[in-house]
Chemist: 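Could you have a look at this structure, given as structure tokens, before my questions?
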Amino acid sequence: MTMNAVYNGSNLDSIVGEDPGIPFALLDEESKREIRRALLHAVCVPGYQVPFGSREMPVARGWGSGGLQITLAIVGKTDIVKVIDQGDDEGVNAVNLRRLVVTSTGIEESSEVVESTIIQSRHRIPEDEMINSHTLVLQVPVPEPLRGVERDMRELARMHAEADYSRMWVSLYEDKVRNGVITQTTGYPCLVNGRYVVATTPIPRWDIPRLHDSQFLTLFGAGREKRVYAIPPYTLVEPLTFEDVPFEVEQANGARCRLCSSSESFLVESPGTNGDAGTWTCSDTAWCRARRLK
Amino acid sequence: MSKIVIPDSVLKVSGLGKIYGPITDGAIERTGSHVGTARDYQTGSIVAAWDVNFEVAAGEALGIVGESGSGKSTVLRCIAGDIDSSAGDVRLATFENGESNLLSLDAATRRKMRIDQVSVVYQDPAEGLALGVTAGGNIADPLTAAGWRNFEGIRARARDLLQRTEVPLDRMDDIVRSFSGGMRQRVQIARALANNPRLVLLDEPTTGLDASVAAGVLDLIRGLLEEFELAAIVVSHDFSVIEMLTERCIVMHHGRVVENALTDQLLEDPHHPYSQKLVSAARA
């Protein structure tokens with residue numbers, strides 16, 4: 001009874017780092033170059049979904065493989081990476097993705113926005129100010145904003161090519177008629193640079209105004225759907241809404257963070273037990289912690 | 001090319017033709033009303049329509065009559081751009097001053113042209129409407145395509161159009177699938193009028209409706225054609241529809257126009273042998 005391999009603890013040194021078989025940032029140079037070419041295309045045509053050869057990653061498709069590939073393709077030796085999941089640096093998926101990036105590159109990690117250069121995220125844009133030294137990488141599950149109104153890929157391509165978004169407007173009209181308000185929360189459709197409608201999945205409406213005329217570059221990666229798209233700095237980003245139906249972000253009236261008592265950050269509710277009222281906490285845990293330390 | 005559009009005609013169609021299958025020498029001579037078939041026996045090609053010429057003025061409705069398969073709907077769909085034509089020249093005085101042949105527009109330009117110039121009312125409302133969308137939403141579609149971005153403005157316009165087409169306003173926010181056939185057709189007409197088109201193409205607008213409902217829809221169409229000074233083409237195999245809506249009509253047989261006449265005159269005194277057969281069958 002002998003074991004074939006001995007588990008050597010928590011670090012991954014045995015498979016990465018010094019081993020010349022594993023390249024810097026996991027992907028081979030040709031793959032990274034191909035992804036960077038797609039990203040350049042995406043930055044040149046803001047909001048346009050660029051197909052790319054999504055690689056097999058050591059995470060399942062749909063678990064951030066698109067964002068991960070972007071991060072690995074653009075990361076350099078002096079970058080500092082922050083990875084969050086639901087605004088939380090300590091989420092399981094965030095920890096795993098960050099560990100993969102750090103161990104395959106040897107770069108520094110941080111939970112502070114101000115220290116980071118690449119911020120990979122699912123669901124949120126950090127509350128802290130981001131400037132032109134930051135690149136935001138978003139993991140996107142469904143990159144096609146028109147998926148809900150059309151399934152035929154050729155028709156979708158035609159609608160984007162001709163900027164024929166009337167059916168998107170009809171779906172907003174129908175939503176307002178049926179529900180009295182526009183109910184779409186995450187992934188609110190936005191017109192980028194006056195041309196392409198994009199899905200802003202998975203961020204909430206709360207974060208949408210942050211994308212408009214931002215100082216930072218935002219890169220969207222959908223690994224399963226094999227698409228990347230981008231919102232370059234200082235780009236016009238308009239949420240689709242009727243002139244007389246103002247775009248509104250999520251509101252939790254009177255709610256404050258249980259930990260830092262903030263009411264000006266994006267709050268998430270934890271259900272109460274035994275019929276008690278739920279409590280609210282900041283979705284951005286690093287921001288919340290910094291506020292408490294002040 | 002300078003005198004293509006006669007000042008008072010909104011639409012001018014010349015030499016319109018559609019052939020399915022290979023186009024070979026002599027195919028035209030081997031098909032048509034005088035031969036009694038639209039199928040070229042040498043190649044199997046179908047000459048669905050050939051050498052169709054007519055003009056329509058503002059406020060005028062032109063009828064196209066003929067039996068099933070005679071090419072009526074083919075002509076209509078070629079003009080609308082739903083199918084590509086094989087030959088011909090179609091000009092709309094209100095589109096780029098009549099300087100563009102509608103048949104040679106690329107798909108994107110044709111779609112833009114259809115937004116506020118040409119509307120089609122199909123026999124089957126499912127073709128012209130999204131059945132899973134409310135009546136108001138179906139009208140919002142062409143309005144938003146034309147750049148309307150005011151929710152209450154769109155609602156008011158939809159209400160106005162549904163009122164004119166006699167759709168009960170309390171059904172405005174119900175999905176069209178829940179509507180009866182006659183009411184769906186009224187919604188389709190309301191949608192067709194949304195952006196004040198200059199030309200409306202009606203393809204068997206009342207076929208499939210029962211007689212009393214059809215009469216109501218016909219009344220409505222006649223009133224709207226007059227009120228908006230629309231140019232219209234009405235395709236129907238039903239002479240009562242043609243008689244009620246049109247002043248002038250053409251008769252098609254095996255893909256060719258065999259008679260071009262005033263509607264009254266055609267019904268009283270048809271000239272072409274096929275027209276005579278058609279009229280006598282309808283009047284029997």
Side-chain angles (χ1 to χ4, degrees), chain A residues 45 47-48 145-184 188-198 205 208 212 236-248, chain B residues 81-82 105-116 119 127-159 161-162 167 169-179 187-188 190-192 194-195 197:
Chain A
V45 192
Y48 175 70
L146 305 173
R147 181 66 50 83
V149 296
E150 178 59 55
R151 289 183 182 175
D152 187 322
M153 298 280 283
R154 285 167 303 180
E155 180 66 4
L156 286 169
R158 183 199 66 74
M159 289 164 81
H160 281 297
E162 296 179 11
D164 174 11
Y165 295 123
S166 63
R167 285 166 62 194
M168 196 76 223
W169 285 99
V170 171
S171 78
L172 294 173
Y173 168 92
E174 295 277 293
D175 197 5
K176 173 97 172 82
V177 164
R178 281 178 199 175
N179 305 305
V181 290
I182 293 174
T183 55
Q184 180 143 23
Y188 197 91
C190 292
L191 187 66
V192 174
N193 201 25
R195 178 59 183 83
Y196 286 100
V197 169
V198 300
R205 284 199 218 178
I208 297 285
H212 171 64
L236 188 66
V237 177
E238 305 159 276
L240 294 189
T241 190
F242 295 103
E243 293 159 356
D244 51 344
V245 182
F247 173 80
E248 287 169 343
Chain B
D82 287 345
L105 298 180
D106 61 79
T109 315
R110 182 187 299 144
R111 193 185 61 82
K112 288 204 178 72
M113 183 271 295
R114 286 272 298 262
I115 291 172
D116 62 354
S119 289
E127 215 174 323
L129 296 174
L131 296 185
V133 168
T134 64
N138 268 290
I139 295 169
D141 186 15
L143 292 177
T144 56
W148 290 53
R149 293 289 179 267
N150 187 292
F151 182 76
E152 285 307 326
I154 291 168
R155 297 281 291 169
R157 176 73 177 149
R159 257 195 299 273
L161 287 161
L162 291 172
V167 176
L169 285 186
D170 57 0
R171 301 297 306 276
M172 176 170 164
D173 296 334
D174 292 345
I175 63 167
V176 173
R177 186 171 286 115
S178 69
F179 288 12
V187 174
Q188 207 192 166
R191 178 192 159 105
N195 289 318

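Chain letters run A, B, ... following the sequence lines, proteins first, then strands; residues in each count from 1.
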Chemist: Apply side chain to side chain donor-acceptor pair (under 3.5 Å) to B:D116 and list each qualifying residue two or more places apart in sequence or on a separate chain.
Modeler: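 Checked B:D116 against side chain to side chain donor-acceptor pair (under 3.5 Å); zero matches.
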Chemist: Of the backbone (N, CA, C, O) and the side chain (C-beta and beyond), which part of B:L143 lies under 4.5 Å from a heavy atom of chain A, both, or neither?
Modeler: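 Neither part, no heavy atoms under 4.5 Å.
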Chemist: Rounded to the nearest 0.5 Å, how far apart are NZ of B:K112 and CG of A:D164?
Modeler: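 One gets 8.5 Å once the value is rounded to the nearest 0.5 Å.
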Chemist: For residues 169-179 of chain A, give me every residue with a non-hydrogen atom less than 4.5 Å from any non-hydrogen atom of chain B.
Modeler: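 So far as heavy atoms go, A:W169, A:V170, A:Y173, A:E174, A:K176, A:V177, A:R178 are the residues that approach chain B to under 4.5 Å.
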Chemist: Would you please name every residue forming a side chain to side chain contact (heavy atoms under 4.5 Å, CB included) with B:E152, sequence neighbours left out?
Modeler: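 Only A:D244, B:N150, B:R155, B:R159 meet the side chain to side chain contact (heavy atoms under 4.5 Å, CB included) criterion with B:E152.
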Chemist: For chain B, which residues of residues 151-162 of chain A have at least one non-hydrogen atom nearer than 4.5 Å to it?
Modeler: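 Within residues 151-162 of chain A, the residues that come under 4.5 Å of chain B (heavy atoms only) are A:R158, A:E162.
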